[in-house]
Every structure is written in C-alpha cells, then in structure tokens.
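All remarks here apply to the structure that follows.
Here is the naming used below: chain letters follow the sequence lines, and residue numbers restart at 1 for every chain.
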2 protein chains.
Amino acid sequence: MPKTAVPVKPRVGRPRKLPLARGAAAAPVLGRERILDAALALIDAHGPQAFNIRELAAQLGVAPAAIYWHVPSRNALISGAAARVMNGVADDIAPGRWQDRLRALLHRYRGMLQRHPKLAPLVASEMLGNAAFDAVLLDHVVRLLEDAGFDGAALVDAYNVVIAAMCGFATLELSAAPAEDVGEWEAACRAQLARVDAVRQPALARHLGALENKAFLLRWSSGTDRPLGSGFDAWTDVIVRGLEARARALRRAA
Amino acid sequence: MPKTAVPVKPRVGRPRKLPLARGAAAAPVLGRERILDAALALIDAHGPQAFNIRELAAQLGVAPAAIYWHVPSRNALISGAAARVMNGVADDIAPGRWQDRLRALLHRYRGMLQRHPKLAPLVASEMLGNAAFDAVLLDHVVRLLEDAGFDGAALVDAYNVVIAAMCGFATLELSAAPAEDVGEWEAACRAQLARVDAVRQPALARHLGALENKAFLLRWSSGTDRPLGSGFDAWTDVIVRGLEARARALRRAA
DNA sequence: ACCTGAACACCGTTCAAGT
DNA sequence: ACCTGAACACCGTTCAAGT
C-alpha cells in the first residue's frame with residue numbers, strides 16, 4: 001500500500017556510512033540493525049498486517065521520521081525482517097545421503113517458520129521479492145540434486161520442485177486463522193463441517209471425524225497450537241520418494 | 001490492518017433480505033454480488049495491496065459508506081473475491097485412475113491462479129481463512145486417496161499432502177515480484193547472480209546459466225510472463241510418484 | 001550525519017441523516 | 001431497506017529545521 005504524500009519524489013536510498021571524523025563521535029543511537037531487530041519483534045508479536053512505523057518508532061524511543069533515514073519504506077522493513085529470519089536455514093547441514101540432506105533442509109525451513117509463525121503467509125512472497133537469497137541454501141539444493149542424478153534442464157525442474165516443497169507444506173501449516181474473533185471462527189468452521197452432505201460428498205463424510213481440526217481447510221486451530229507433525233513427515237516422505245522415482249525414470253529414458 | 005474509528009462497536013452483520021413489500025420495489029442498485037464482482041476486477045487489476053474501498057465505491061458510482069451495508073469490512077471483500085475464484089475448481093473432473101484425477105486437480109488449481117495471478121500470494125491464506133471451503137473439491141481429494149489405498153490416519157496425512165501440493169508450486173510460480181520498479185528489480189537480481197562465488201558455491205555456480213530467470217529465487221520474470229511449465233510437470237510427477245511409493249510402502253508395512 | 005516537529009495525502013470505518 | 005455526507009482516528013511518507 002504505497003501512500004505517497006508527494007507522488008513525484010527522488011528516492012531515499014541507503015545512507016553510505018562515511019568514516020567518522022576523528023574525535024567527533026556522534027553516537028549512532030538507531031542503526032539499521034537495531035531497527036530491523038525491533039521490527040522483527042513487532043511483526044512476530046502482532047503480525048505484518050498490524051505492523052506500523054509509528055509503533056516501531058515509539059518502541060525505539062524515536063520520532064517516526066527517524067526510521068526513514070535508515071530504511072526507505074515500511075515494505076523494506078518487512079522484507080528485511082523476513083530476510084533476517086530466512087538467513088542461515090541451510091547452515092550446518094550434516095553430510096550424508098542426498099535424501100537425508102533434503103529431509104534436513106525441509107525440517108530446518110519448517111523449524112524457522114515455527115519460531116516465526118506470523119511470517120508464514122509472507123515468507124514465500126518475500127523470499128521471491130527479496131533479491132538477497134541465501135546462496136548457501138541454493139548451493140545445498142543444487143548439490144543434493146546432482147547427487148540424486150539430475151542434470152541440465154531436469155535439474156532446473158527438480159530445483160524448483162525442491163524449493164516449492166520447502167515452502168509448500170510449512171507455509172500452509174503455520175498460516176494462522178484470522179485473528180479477529182477466536183470463538184466465532186471455530187464456530188463457523190464447525191458449522192461448515194456439519195453441513196457436509198453424506199449423499200453428495202460420501203467420501204468426505206466417511207472420513208470427516210478423522211479429518212476434523214487435523215486437516216487443511218477443515219481445522220480451526222493453527223499449526224502453532226496443533227502441529228501437523230505426521231502430515232509433515234508424510235510430506236517429506238512423498239517428496240523424497242517422488243524425486244527418487246523420477247530420477248530413476250529419467251535415467252531409464254536416457 | 002483494522003483501523004477502527006471507534007474501537008468498541010457492535011458488529012455490522014449481513015443484512016437479511018426481507019421480501020419486498022408488494023408494489024414498493026426499491027431497485028437494489030448495489031447488491032453483494034455486484035460488489036464482489038467489482039472488487040475482484042480491481043484486485044485482479046492492481047493487486048490486493050492497492051485495493052481500497054474508496055476506489056471500489058467510485059467504480060460502482062456510490063458513496064464509500066454504501067459498501068458497508070452489504071459487506072462488513074475490506075478484509076471480507078478480499079476473502080469474498082478469493083472465494084469466488086476458488087469455487088468450482090474441482091467441477092467436471094473426468095473419472096479415471098486416481099493418478100490422472102490428481103494431476104487434473106493440480107492443473108485446475110494452477111489454471112485458476114494463472115487467470116488471477118494477483119491473488120496468488122493470498123489464495124493459500126485466504127483458503128484457510130475462509131470457512132466456506134469447496135466441499136466438492138475435498139470430496140474429490142478424499143475419494144482419490146481412498147482409491148490410492150490410503151485409510152485412517154494415513155489418509156489424513158495424505159490429504160494434507162495433496163492440499164499442500166495443490167497450493168505449493170503454483171503459489172510460488174505466480175507470486176509476482178514487487179511491482180514498485182521493474183528494471184531496478186531485474187538489475188538487483190542480476191547483481192545477486194553475478195555475486196555467486198564459484199569457490200564457495202561450486203554446485204550453484206556450475207548450473208547458474210541454466211537456472212537464471214528460470215528458477216525460484218533466481219528469476220525476475222513472474223510466472224505470468226514466463227510460465228514454469230516443465231517445472232510444474234515435474235512437480236505433479238514427483239507428487240504422484242511419491243504418493244504411489246508411499247502407498248506401496250504402507251501396504252507392505254501393514 | 002542523524003534526528004525532530006509538523007504537516008500532507010491518503011486510508012477504513014462509523015454515524016446520523018436522508019429517501 | 002438502502003444510500004449519502006461528513007466526520008473520526010488512524011496511517012506512510014516528506015520536508016524543513018534543528019544539533
């Protein structure tokens with residue numbers, strides 16, 4: 001939501017840190033790092049929708065306009081906070097079979113989202129919107145796909161599969177319900193469940209008891225309250241087995 | 001971003017359509033349907049971030065406040081528009097092997113997002129946030145999983161896998177880059193690519209040419225301009241093969 | 001270099017009042 | 001029942017001015 005007071009305006013841009021004049025030390029009370037830390041804390045607490053610069057400034061004991069000397073926009077703050085969370089997902093992944101490394105990667109990503117669930121609906125889009133990707137992560141992915149036997153165009157496709165697999169399940173699992181009304185939301189979900197027609201949706205009706213509050217679109221608790229652990233294990237299992245089978249099939253065709 | 005003028009206020013609620021008094025026909029110029037149509041058109045055009053009620057009202061030739069007689073909030077408008085897009089994804093899926101039906105489902109969902117790419121970053125979260133799920137879709141999913149041999153808790157897990165698979169790839173593929181600056185964005189991406197270190201990220205560097213602008217996190221064109229068709233085919237292939245293999249493994253263990 | 005005060009141009013939402 | 005006018009309480013962002 002870009003609301004510009006004056007539509008036509010030169011960009012702000014990051015200030016380049018000039019070396020301090022010797023002796024004259026102007027204590028930099030704010031600084032980009034401190035701002036991003038505080039922004040991440042606020043977003044973790046109330047979600048990106050409710051995040052606003054005036055509260056951030058108050059939290060930092062500073063005038064709202066001060067933020068803009070270090071960061072060009074609210075969006076950049078959200079992206080920056082998301083990037084800070086993303087970085088390091090792929091560090092310290094133990095060597096081993098490519099299957100195990102892939103599983104470790106998926107678990108790492110999910111763990112990161114579990115620590116920052118409010119970011120779940122954003123990370124996918126922010127990941128793309130962020131030119132600052134984690135090169136270590138991508139190198140890991142490419143290497144494990146080489147080990148799996150992919151190459152050339154097939155490796156590119158498999159790479160996209162892995163990235164999508166990384167984001168896919170965890171994002172859905174941890175995206176929270178609308179925080180507006182708690183009980184009202186649960187009631188609406190239960191009402192929908194009760195409306196399932198055993199005649200028109202027989203298969204669904206058969207398994208409704210098992211699915212209730214444990215399945216996407218049929219649950220009201222979020223992934224933070226009720227983790228879908230076995231579902232996530234199934235997810236990694238399907239991805240790994242699928243990549244194995246596809247690699248075999250491609251090798252056979254070649 | 002709930003900004004309430006008066007924080008404590010009773011809810012608005014949907015108006016119940018009373019039968020018109022005979023003769024006295026007050027032409028209902030607005031109506032929930034017409035509003036949602038216009039809202040969807042605006043969101044398709046400029047994205048959910050830029051969507052605002054005042055423009056919607058202007059588009060409908062009406063005062064902004066008039067909207068609130070039919071719809072309780074801006075969020076409800078976005079959810080409603082998203083729901084309208086979602087509905088019917090699973091209609092007219094041809095009978096056949098469960099593998100083919102699953103593939104058809106994934107293609108349907110992607111096709112829907114391709115027609116409404118601006119909704120891509122939302123649909124996942126709106127799907128969850130929306131108590132009005134598409135029962136036909138869910139019944140389809142459960143039925144094909146029964147046919148694949150899943151049952152009980154394993155079926156619940158597999159169900160979650162299928163839903164995540166449906167949203168996973170297409171959402172990433174069609175989530176657009178920040179619309180702010182076009183060329184600047186591409187330049188930033190290219191700069192990142194150039195910064196990949198052949199020594200520290202050797203595997204990534206080896207395939208960088210093939211990945212450039214064709215892979216998640218390494219592309220600047222969106223899925224609307226450059227569809228990742230072969231990547232999506234790989235995705236469905238991996239999911240189907242993975243589910244096949246998992247079903248076999250579970251059967252063997254039982 | 002870094003921050004403040006005050007303003008501008010927007011918002012979503014409400015409320016009384018009209019018809 | 002349905003819509004308008006006008007207001008309220010917020011926003012992000014800018015700009016001149018301070019230090």
Once rounded to the nearest 0.5 Å, what's the spacing between atom CG of B/D44 and atom NE2 of B/H116? 5.5 Å
Euclidean distance, A/W220 CH2 relative to A/L193 CG, rounded to 0.5 Å: 6.0 Å
Among the nucleotides [options], which one has an atom lying closest to any side-chain atom of [X]?
| X | options | value |
| --- | --- | --- |
| B/V62 | D/dC3, C/dC11, C/dA1 | D/dC3 |
| A/A63 | D/dT13, C/dT4, D/dT4 | C/dT4 |
| A/W69 | C/dC3, D/dT13, D/dA1 | C/dC3 |
| A/A65 | C/dC2, D/dC15, D/dC2 | D/dC15 |
| B/Y68 | C/dT13, D/dG12, D/dC2 | C/dT13 |
| A/L30 | D/dC11, C/dC11, C/dC3 | C/dC3 |

Residues in side-chain contact (heavy atoms from CB on, under 4.5 Å) with A/A90, at least two apart? A/L105, A/V136, A/L137, A/H140
Among residues two or more places apart or on two chains, list those pairs meeting salt bridge (Lys or Arg N to Asp or Glu O under 4.0 Å) that have a residue in residues 169-178 of chain B. B/R110-B/E173
Whole-Å distance separating the [atom1] atom of [X] from the [atom2] atom of [N]:
| X | N | atom1 | atom2 | result |
| --- | --- | --- | --- | --- |
| B/L77 | C/dG12 | CG | P | 10 Å |
| B/F51 | C/dC11 | CZ | P | 12 Å |
| B/L60 | D/dC3 | CG | P | 10 Å |
| B/R54 | C/dC11 | CZ | C1' | 6 Å |
| A/I53 | D/dT14 | CD1 | C1' | 12 Å |
| A/R32 | C/dC2 | CZ | P | 14 Å |
| B/N75 | C/dG12 | CG | P | 10 Å |
| A/R74 | D/dT14 | CZ | P | 15 Å |

Is B/H70 close enough to D/dC3 that one of its side-chain N or O atoms is under 4.0 Å from OP1 or OP2 there? yes
Just jot down the side-chain hydrogen bond (donor to acceptor under 3.5 Å, both in side chains) partners of A/N213, sequence neighbours excluded, or say none. A/S221
With [X] via salt bridge (charged side-chain N to carboxylate O under 4.0 Å, His left out) - residues at least two apart:
| X | value |
| --- | --- |
| A/E212 | A/R190 |
| B/D197 | B/R200 |
| A/D139 | A/R143 |
| A/D37 | A/R84 |

Every protein N/O lying under 3.5 Å from an N/O of nucleotides 17-19 of chain D:
none

Under a 3.5 Å cutoff on both atom distances, Watson-Crick or G-U, what's the dot-bracket for DNA chain D ([ ] crossing, | other strand)? ||.|||||...|||||.||
Which pair of non-hydrogen atoms, one from B/A205 and one from B/A198, has the smallest distance, and what is that distance? CB-CA, 3.8 Å
When the nearest nucleotide of DNA chain C is assigned to B/E55 and to A/I67 on a heavy-atom basis, which residue is associated with the more 5' position? A/I67
